[in-house]
Student: 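Submitted below is the structure of interest, expressed as structure tokens.
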Amino acid sequence: MNMTLAETAGKLLRAQNVVLTAHVNPDGDAIGSSLGLMHLLRGLGKEAAVLLDDDVPKAFSILPGYEAIQRPEGERSADLLVILDTAPDRIGGVAKCVQADACINIDHHRTNAAEGDTYLAPDRAATAEIVYELASEMKAAFTKDSALCIYTGLATDTGFFRYSNTTARVMRAAAHLMDCGAEPHIVSEALEQKPYQMICDTAEALQHIERFADGRAAGIFLDHETTERMESTEGFIDFVRVIEGVDVAVLLKAKEEKLCRVSMRSKGTDVSAIAASFDGGGHMRAAGCTLKMGFDEAKKRIMAAIADRLEGES
Ligand SMILES: [Mn+2]
């Protein structure tokens, strides 16, 4: 059932012991909105914990509460399980670990087709923006801690207020969070640091750029051997995205012999439709999918799907 913001706040206010979670492979919005809501709920005198079934990148250790993030282990009970920034199918082992009386899903991904109690706001730039709005709905006061976490979700999902999902409303929320103590430079300085190895990996990845669809698309395609060797592929797609004339950028990584992960970005084309044709999802301009096939075939299929889509739109 779709809930209103007020109903969502009501469920949170009625719970005393809340477990918060988000998707595996957590990003700044998943982490920031979970921790932000944790701080808000604790400020209201509730017990709140964040459980994530994945490693949390160390760069986010600047966020208050980072060290309190737990892995799902054993069994635990809660009044309410809150799933943030994803549909309930991407929370890994948390679903099994938490015995909750109720569960709600709060997300801004328009591909979320969840059927349970859901607050879905696809016009919001980040789940953190929804958490920001929930704060006033719950009459919860921002602290320096919650403000920094929520700010981080806003900043990362909007590419530091540069992507097309950046609205005046997001900027006003960010400004208000600064008034409450969030310091943007703490977030950007922590997140722009890169390990030396990552720069070396980037140098190698850039050797694998290919343009296709008459230069309207380009991608980095990494076979299994290359993917294995790399510590991280974060940020690779941004090098492709900025190539002149490129509408659709793609990064394909062969994670296993017969499993390739694909992420796409676009300036105009609906890449979530391309992702959906491979059972993936995401947003109009940022989406991803997994192809259960070898590198060569996956590369051919994704290039064809992107070229077809561009063809259809021109
Ligand atoms: Mn998000």
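Just so you know, these numbers come straight off a predicted model, no measurement behind them. Order of listing sets the numbers, starting from 1, for every ligand and every atom in it.
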Student: So for atom CG, which belongs to Asp214, do other residues, nucleotides or ligands contribute more than 12 heavy atoms lying within a distance under 6.0 Å?
Tutor: no
Student: Would you say Asp157 has an N, O or S atom lying under 2.8 Å from the Mn ion (ligand 1)?
Tutor: yes
Student: Side-chain donor-acceptor pair under 3.5 Å between Thr269 and Asp247, yes or no?
Tutor: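 Side chains of Thr269 and Asp247: pair found under 3.5 Å.
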Student: Is the distance between the Mn ion (ligand 1) and the nearest N/O/S atom of Asp85 smaller than 2.8 Å?
Tutor: yes
Student: Output the atom name for the N/O/S atom of Asp29 with the smallest distance to the Mn ion (ligand 1).
Tutor: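 The closest N, O or S atom of Asp29 to the Mn ion (ligand 1) is OD2.
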Student: So, His283 versus Asn165: side-chain donor-acceptor pair below 3.5 Å or not?
Tutor: no
Student: Output yes when Asp53 and Arg90 qualify as a salt bridge under the 4.0 Å nitrogen-oxygen rule, no when they do not.
Tutor: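 The answer is no: the pair does not qualify as a salt bridge.
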Student: So, 2.8 Å as the limit: is an N/O/S atom of His109 located closer than that to the Mn ion (ligand 1)?
Tutor: no
